[in-house]
Structures are given as C-alpha cells and as structure tokens.
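What's counted below: heavy atoms across the whole structure, side chains too, no hydrogens, waters or symmetry copies. Since we're looking at a predicted model, the values are computed, not measured. We name chains A, B, ... by the order of the sequence lines, and we start the count at 1 in each one.
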Amino acid sequence: MNPSLAEALGRIVGPRWVRHRRAELATYAMDGLPTRESYPGVVVLPGSAEEVREIVRLLHLAGVAFVARGAGTGLSGGAVGDPESVLITLTRMNRILQMDPVHRRAVLQPGVINSRLSEAAICHGLHYIPDPSSQAACTVGGNVAENAGGPHCLKYGVTTNHIVELEVVLTDGSTLRLGSPQGEPWGPDLVGLFVGSEGMFGIATQITVRLEPMPPSVRTMLADFLTVRGASEAVSSIIAAGIVPAALEMMDRACVAAVEASIYAAGYPTDAAAVLLVELDGQPDAVEAEAAIVVSLLRDRGAREVRSATSPADRARLWQGRKKAFGAMGRIAPDLAVQDAVVPRSSLPEIMDRIEEIRSRHRLSISNVFHAGDGNLHPNISFDRRDPDLAERVRVACREIMMACVDAGGSITGEHGVGSDKIDYMSLIFDAESLGAMRAVRRAFDPSELANPGKVVPMHACREWRAARGAR
Amino acid sequence: MSETVTARLRALLGNSGVERDPDGLPRATPDSAEALSLVCRLAHDEGWKVRIEGQGTWLPADAPADLGVSTRALDQVVSVSPADLVATVQAGTPFEALRRRLADDGMWLALDPPGRPERSLGSIVATGTSGPLRHGFGPVRDHVLGCAVATGDGRLVKAGGRVVKNVAGYDLTKLQVGGFGGFGIITELHLRLRALPRADITLIARGTRDTLSSAARDLVAARILPSALELLSPALAAEAEWVLAARFLGTDAAVQSDIRRLHSEGEIAWAPVPTERTAAFWSTVARGSLAGPITFRLGVLGNGVDETIDLLAHDLDEGLVSAGPGWGMIRWTGEASVERLRAVRRAAASREIPMTLERAPWSIRRALGHFGAYREGVGQLVGRLRDSFDPGQCLSVALEGVGD
C-alpha cells in the first residue's frame, strides 16, 4: 500500500486513527470466521459521517478498494480486506443521536453496539428486537450490512423488518437518504435493498430503527427429548398449530454437554438427546392459554419434562446457555466451523437425521444449536485445523450438509451472510442470470465496484448484463 | 403496426396466447414465465413498448404501448405447504382464489389489499398496496419471501427463496415489492402464510375525527394491539360520522383478553360488528379505493395523521380516507387535478412524508409518477437500476413524473 495514502487518510481523521503496522493490523485480519485470514493494507477509524465521505472520496479518486467493518463479529469472512484495500472501521461512530419513544424510533450511528440500543430504550419500556448471539459486541451497522437475525426474530422479524431509514455514503462519496422515518419507502424500497448488501452498496452512516414495546408477559419453557426427531417434530407441530412463539430454539446433546461443562451452565439436562427453548410473549392470559397448548404439543411429541422459568433470573439463566453456546464450544477443540443454513421447517426431522449420518461417516464432532422455529440450522463442527486430514473431512462435511439443505428446498445462509465463506455455494441456489442481476444492482449503487470487492457474488458464475446506459 | 405485433406474438405463443384488448391493442397472455420472458425479449429487440396487466382490476389499462402483457393466464397456485406455512403462486393468481385455497388447509395470507377480491397477487405485490391489516402483520414486503421476474429485455431472474429466513445474496425481492413493474414483470411469488386464526372480531366506534384519532393514539400508547386499527372517513365507511375500526385476530383467549382491555381503555363506545357482517365490512373498505379514479398513500408518523388529513382536506377534498394511526399510513381516493396533487406531494415532502400514487389514469401517472419528488441523488440511482432491469425502456411504467 502506498504510504502517502495512509498519510492522506491521517489528514482526514488524525494520524492516531490510522493503523498500518503489521502488529496493529492483526486485530483486523479476521472477523468471527477463523478460517479466513487476510491483512488489509491500512485501517482507518473515522469519527463522523463527514470523515467517512472524505475517506471514500479519496479512495474513489485513487481507485482503492475499501471494506466497511463494525465490531468484526461476522461469521462469513465478509469484513476482511486484502493488502490492496483499506478497512474502514466504524466503531468510533457509536452515538445514539435521537430517541423518540412516542413514535418508537431511534436514530443512531452505525457503530452503536446492538445491546446498548436496547439498554438505552428500556427506560421507555421499549427494546430493539434483532438479537444475534453476538449482541453484546456487534454493531447495528454490521447488523444492517448482514441483515442479522437472532432468536427473537421468529415472531418479530429480522433486521430488515426494523430499519426504516438510512443515510448512506456511496462509493463516489455522495450521500443519499433512503426510506422515511415512518417506514414507507420513498420511491422503490431502497432501504430493503440496502439491508443485507454486505457492505457492497456503500456505507450506512446513520440508521433509523423501529423499537418495539417490551411484552407485558413472557413465559420461557425448557423441554427435553430423548430423540432429536421428537424435538424436531414438536417444532413443526407448534408452527402448524398457528402459535408463533417469540423464540423457538433447539440444542442437541453435544451442545448441551458443552454448555453444561462451561461457566455458562444453565441447568440443561445432559442426558437428553435435545432440548427446546420455547418463549411465548403477549398479554398474560393469552400467554397462559398458549402455554397450555404448547405444553400439550411438547408432551405429545415425547417431551420428558417441560419446565418454566420461575423468575427473571431463571429466565436469564436459561437464555444464557443458549446465547453463549458458541463460546462454550470453544472448550471442545481449538477451532469451530460455524455453519448457517436454512431448511423448510417441515424438513427438520429428516435434515437432522442426515446431519447425524454425515457426522458419523466423517467421524466428526458436531454440535447443533439453532433457531428451530425458522428452520435456521447451525451445525457447528469442532476441530483442529493443524490436522490436515481432519480439516479436509470438515470441509467435505460442510459442503455435504449444505447440499442436503439445498436439496430440501432451503438456503445456504439464514443470518450469517455469504461473505467470502459461502461465495462458492451461491450457484447452488441461483442461476447465472439471477447472479447477473445481483451484480447489476451492485453496479447501480457502486459502478466502480470498490466497496468490499470479491464477496457474495461469484463473478465467474454470473451472466453478464449490459452496462447501464444512464439515458433515462 | 398492430398487425405485425399480433403476427409476431402469435408466432411465439400460438393463437390462444394473443388477444386484442377493447382498444384493439394486441395483448399477450402467456401461460408460463418462459413464454412471458420471450414476449419481453421480442418487445425489447423490436423496440416495442409494453403495458403490464394483471387481472385488470386496479390500474386502468391505458399506458401507451405497442402491446399489452397480461399475467391472467399465469393463475396457478403452484404449491402450498401447510407444515411450512409457505405458498408459491403464479403472479396472475386472483387474491380471492388463493384465499379460498388456503382456507381449505386452515391457512391464510395476512393481507387485505384495497381493490376487488379478484385482484392478482402480482398487482398487489408490485404496487405494495397493503390494507388495514398492516397494523398487525406488516406491509406487503413482510409477506413475500421470494419471487421470479421477467426483466424488460426478457431475462428470467429469481430472488429470495421459499424459506422464512434467508440472507443468501442481495435482497432483490425488495426491489420488486412496490416497484410498480418498473424493474420487470413479476411471474411467480413465494409467500409467507399464517394459520387461520380461530377468532376474528371487529369492533367499531363512531364519532368526530379528532375524538377517534385521539382514542386510536391512546390505544397504541396503551399497547393494545389489534390486527387492524383503521380510521375511516364517513364516505368510505358509508356512515354519517367518522369510524374507528379495530379488528382482533388470534386465539379465543388472546382476542377476548384484548377486547376486555379495549373496553376498559378510554372514553369511546365500541360496538361489535356482527360476525356474519365482518367480511362484508372490510370488503367495503377495500372496495372503497375504487370509488374514485385516483388513489394514493402517504407514510406518516402516528402523531402527524390528523395534521396530514387536514392538509388533504385543504388541498383536495376530503375524499375517501383510510388512515392507520398505529402504522402511520393514510390512503386517499377521489378525483383531483394534476396541479392539486402536485401541491399535495410538495407539501407532504416538505414534512418528510413520502406520497406514492397507487392508482390513476395514465395522464396523471405520466405527469406525477408513482413516486416522483425523490430525495437528492436517489433519482439517478433509481435510473441506473431501471436501466439494468429494462435497458430498452420497453416497460411503460411512470415511476417519475415529468416536470416535477
């Protein structure tokens, strides 16, 4: 990387907010995916939208690619850049600019940490719904880029359902305001298009989110099963009964064992083949009535025991085990391949059998913890990448699991994004024309293709679309 | 010209796939997405303009064009999965036909769009026209999991998928929902369904607009969440006064609990609509949008609803107004000149309120555009997107107005 570029960036943000020494860059060489390491040329940390604009203008003039990054907790290798690129880290832009409890809106900078937003809203009886497991660290800007999910998205929707307005800086340094405070698109739904674009359309510098009231009553239940199939069938029967729980999560025996052996132990039964965490919310009498139905459905499908959280502390403990499951798996082996795929909910029993078959054939350690109500699977493979034979078996198994989910009519990612990790899977579910459409849309936002290049869309698999004529 | 077009279309689709509309314009009625895309390809190659039609019940079929392309022969419910609560339908499928089909399996699509019951799903999605149920179930975009689209130059593009959670690739479905066909013709839709609620109870209160809208705001603040909470002008409700209607859907226990809270909250008197009249009541509201030649919607934050209705009454006439004080959407139907409508859009834009023209004769659509009055820089971006999806500018869709 040209040293004069780092100096020019330093003139915009101040030299202390530019990192270019190798040791400094190590922090930014990976995101939450341990298998993709790539050092950026320079890291710059702007403190304002104006600084973002100036940085992007400078890079555009110089023809230098950039990667926007929040807290770096993403799991798809999306927020890493190569040595020819500049990493723009937005964590300094962490202010909540406005809280409007009457209209249930908040306006914030992209570096605000997800859980901090809910903490700031709770005094108004409000909260921000999308709650990825990394919510204590991840930024809302990163959530926007990835269209992040979380356990409570089953009933209330993912990030795209909670973002109403965006201020974005495009690659040429221009600023657009998309959407409206109310949520009605202003023209085509460009907010909906931008959310989930994985940093390839531009950089969101201001975000207006919808906040939701805290539910008046919550019931959290834990059910344990002697077979994974029984738990999967219970999920299907709850959905088919027309009950939409606030959350419906499953953990298998391996996951429970990891959690219970860790400091996050939640009192899950370690002899169960699978446990379901079911949360209902709403008016107290409605929750009571639905809970009675859910308990009977769970028992019909073979639940050995169904217990309800008896206090907020008890509820928090049940949730802690689920939210920290990924961390707990760190005890099993040095590396963890976190998978993310989706199947139609009715396919859960079959797909769980199939994953077990793949695990056994490749002699691997897989723990399943996932958003069962959405059919959003996270089969996680613990391994040691220093063992090349094992690493290869993990790679093959990951692909087989993905193929099985696609064959069942599913998708290659439900909430982690494509990034660089899943780019080769894209052509499993999209043909050349549809991938070409994605590239064409990207070019409409970013004709120079300097924003986070090389992610999401496999260029070699795209059918070429004619370049925009701009004649309109 | 029209003879040539007809002959070329017949060569592509056979005699049964081509007809003439009442004005003598050739109209293609392809029965597959592939055939529809071939028609688009032909029009693109020949430089012909295409008018997009569904079941012909919403927008007047008056956009200037060399041919019409209707999705009315694409009217199949492709698949319904009760266990997954997902359906795949062709774009020309009438809303009512899908409703009946889903009800047989104990499911429904939680939308109550304005217009006639036989309106096509493609029209509802392309215009993004949700109804009062958006209060409880969200706008149209929240119900569409994926779609297939034929672009203006005849490419077939798939977006999204058939699962309820999916972030594989950019979310191109969002460009089509409410895109008014400017980015292609929707051929197929994957829809999120819900289990049919056991209880469906509507209550109404009559009174002055101020009283009712203030009561509606109180309900929102008290966190009473009906599935629909809609303020209806006297003309729309066919009543002497304004009406506030609250519709509760769900399990018996949840609905009864909400209704008890409704009665205990506030001063206004609620009267239940008899169960056998509920469907007819909401159908009247939906059809109200056809009572005048022009319909538009405004996105307004809850507390701005009163002021905005005042603005409409001042610049237009009161017309037929339906307003959701919770979600913050106002729909107006009536008759007005281009100048008046332009004045409303300007006044709305100055208050940060987007105005979307949902339905109007071509002369108005052409002058005003469905959107128009974009914020700075957005128009160029939309232009680039349209150039990608309709490089020959074949699709006769007026997203932007002229002279705005």
Point to revise | Most contacts with chain B, counted as non-hydrogen pairs under 4.5 angstrom, among A:P213, A:G196, A:S180 | key: A:P213
Point to revise | Atom group of A:T413 that falls short of 4.5 Å from chain B, counting heavy atoms | key: both
Check your understanding: Do the side-chain N and O atoms of B:D142 and A:N161 include a donor-acceptor pair separated by under 3.5 angstrom?
Key -> yes
Exercise for review: Please state whether the side chain, the backbone, both or neither of B:F389 comes within less than 4.5 Å of a heavy atom of chain A.
Suggested key: both
Practice item. Compare every heavy atom of B:T356 with every heavy atom of A:E184, then report the nearest pair and how far apart it is. Key: OE2-OG1, 3.4 Å
**Study point:** chain B contacts, top residue of A:N147, A:V287, A:V342, A:V418 (heavy-atom pairs, under 4.5 Å)
**Key:** A:V342
Practice item. Check each atom of B:A221 against the heavy atoms of chain A and say whether the ones under 4.5 Å are side chain, backbone, both or neither. Key: backbone
Revision key, fill the gap. Scored by heavy-atom pairs under 4.5 Å with chain B, the best of A:G179, A:A341, A:G436, A:C153 is A:G179
Revision key, fill the gap. Greatest number of non-hydrogen atom pairs under 4.5 angstrom with chain B, of A:A240, A:A286, A:G187, falls to A:G187
Exercise for review: Please name the pair of heavy atoms, one in B:A195 and one in A:A241, separated by the smallest distance, quoted to 0.1 Å.
Suggested key: CB-C, 4.5 Å
Check your understanding: Is a side-chain donor or acceptor of A:R345 paired with a backbone partner of B:V164 at a separation under 3.5 angstrom?
Key -> no
Point to revise | Top of B:L298, B:V220, B:T251 for chain A proximity - count of heavy-atom pairs under 4.5 angstrom | key: B:V220
Study note, to complete from the structure: chain A shares the most heavy-atom pairs under 4.5 Å, among B:D84, B:V163, B:L175, with B:D84
Review point. In Å, rounded to the nearest 0.5 Å, how long is the span from OG of A:S411 to CZ of B:R162?
Key: 13.0 Å
Review point. Under a 4.5 Å heavy-atom cutoff, which of B:K158, B:R217, B:E376, B:R223 has the most pairs with chain A?
Key: B:R223
Review point. Out of B:M355, B:R297, B:Q380, B:H370, which one racks up the most heavy-atom pairs below 4.5 Å with chain A?
Key: B:R297
Point to revise | A:E433 side-chain N/O to B:V157 backbone N/O, donor-acceptor pair under 3.5 Å | key: no
Practice item. Give, for atom CG of A:D285 and atom CG of B:D258, the distance between the pair rounded to the nearest 0.5 Å. Key: 8.5 Å
Exercise for review: Taking the side chain as every heavy atom from C-beta outward, state whether B:R384 and A:F445 have any pair of such atoms under 4.5 Å apart.
Suggested key: no
Exercise for review: Look at B:A254, B:A83, B:P139, B:A168 and state which one has the largest set of heavy-atom pairs under 4.5 Å with chain A.
Suggested key: B:A168
Exercise for review: Might you point out which heavy atoms bring B:A159 and A:F430 nearest each other, and give the distance in Å?
Suggested key: CA-CE2, 4.4 Å
**Study point:** Gap separating the CD1 atom of A:I239 from the CZ atom of B:R194, nearest 0.5 angstrom
**Key:** 11.0 Å
Point to revise | Check against side chain to side chain contact (heavy atoms under 4.5 Å, CB included), A:W186 and B:V378 | key: CA-CA 9 Å; A:W186 200 308; B:V378 173; over 6 Å; no
Review point. Quick one: what part of A:V158 sits under 4.5 Å from any heavy atom of chain B, side chain, backbone, both or neither?
Key: side chain
Check your understanding: Checking heavy atoms, do the side chain of A:I243, its backbone, both or neither come under 4.5 Å from chain B?
Key -> neither
Check your understanding: Going by heavy atoms in the side chains, are B:Q256 and A:Q283 under 4.5 Å from each other?
Key -> no
Check your understanding: With side chains defined as the heavy atoms from C-beta onward, is the minimum distance between A:L193 and B:D171 less than 4.5 Å?
Key -> no
Practice item. Check each atom of A:E290 against the heavy atoms of chain B and say whether the ones under 4.5 Å are side chain, backbone, both or neither. Key: side chain
Point to revise | Interface moiety of A:M426 toward chain B, non-hydrogen atoms closer than 4.5 Å | key: side chain
**Study point:** Lys/Arg cation over aromatic B:W327: A:R104, 6.0 Å, 45° cone
**Key:** no
Exercise for review: Go through the steps for B:V382 and A:L190 under the test side chain to side chain contact (heavy atoms under 4.5 Å, CB included), then give the verdict.
Suggested key: CA-CA 9 Å; B:V382 174; A:L190 300 176; 4.2 Å; yes
Point to revise | B:E352 versus chain A, the contacting section by heavy-atom distance below 4.5 Å | key: both
Check your understanding: Looking at OG1 of A:T160 and NZ of B:K174, how far apart are the two atoms once the value is rounded to the nearest 0.5 Å?
Key -> 4.5 Å
Check your understanding: Rounded to the nearest 0.5 Å, what separation is found between the CG atom of B:L156 and the OG atom of A:S434?
Key -> 8.5 Å
Study note, to complete from the structure: Okay, B:R261 and chain A: the region with an atom under 4.5 Å from a heavy atom over there is side chain
Practice item. Would you mind telling me which of A:G242, A:A289, A:S197 has the largest number of heavy-atom pairs within less than 4.5 Å of chain B? Key: A:S197
**Study point:** Value rounded to 0.5 Å, distance of CD1 in A:I429 from CG in B:N166
**Key:** 6.0 Å
**Study point:** Contacting region of A:V244 [heavy-atom separation from chain B under 4.5 Å]
**Key:** neither
Exercise for review: Verify side chain to side chain contact (heavy atoms under 4.5 Å, CB included) between B:L172 and A:M438, making sure each step is shown before the conclusion.
Suggested key: CA-CA 7 Å; B:L172 301 195; A:M438 287 187 198; 4.0 Å; yes
Review point. Would you say B:I353 and A:Q182 make side-chain contact, with heavy atoms under 4.5 Å?
Key: no
Review point. Is the closest side-chain heavy-atom distance between A:P344 and B:V86 below 4.5 Å?
Key: no
Review point. Taking C-beta and beyond as the side chain, do A:W465 and B:D153 meet within less than 4.5 Å on heavy atoms?
Key: no
**Study point:** Residue, of A:K422, A:M200, A:R105, that accumulates the most heavy atom pairs under 4.5 Å with chain B
**Key:** A:M200
Review point. Do B:V167 and A:H416 touch side chain to side chain, with heavy atoms closer than 4.5 Å?
Key: no
Review point. Given a strict heavy-atom distance threshold of 4.5 Å, which part of B:T173 is in contact with chain A: side chain, backbone, both, or neither?
Key: neither
Exercise for review: Could you please spell out the steps behind the side chain to side chain contact (heavy atoms under 4.5 Å, CB included) verdict for B:V177 and A:D189?
Suggested key: CA-CA 7 Å; B:V177 179; A:D189 185 5; 5.9 Å; no
Review point. Side chain, backbone, both or neither: which part of A:P188 has a heavy atom under 4.5 Å from chain B?
Key: both
Check your understanding: If you tally heavy-atom pairs under 4.5 Å against chain A, which of B:K165, B:R141, B:M329 wins?
Key -> B:K165
**Study point:** Min side-chain heavy-atom separation B:R155-A:R463 under 4.5 Å
**Key:** yes
Exercise for review: Could you walk me through whether B:R375 and A:E165 pass salt bridge (Lys or Arg N to Asp or Glu O under 4.0 Å), step by step?
Suggested key: CA-CA 12 Å; B:R375 285 163 164 170; A:E165 192 175 25; 3.0 Å; yes
Practice item. Using non-hydrogen atoms and a 4.5 Å limit, figure out which bit of B:M107 sits close to chain A: side chain, backbone, both or neither. Key: neither
**Study point:** Heavy-atom proximity to chain A below 4.5 Å, by part of B:R260
**Key:** side chain
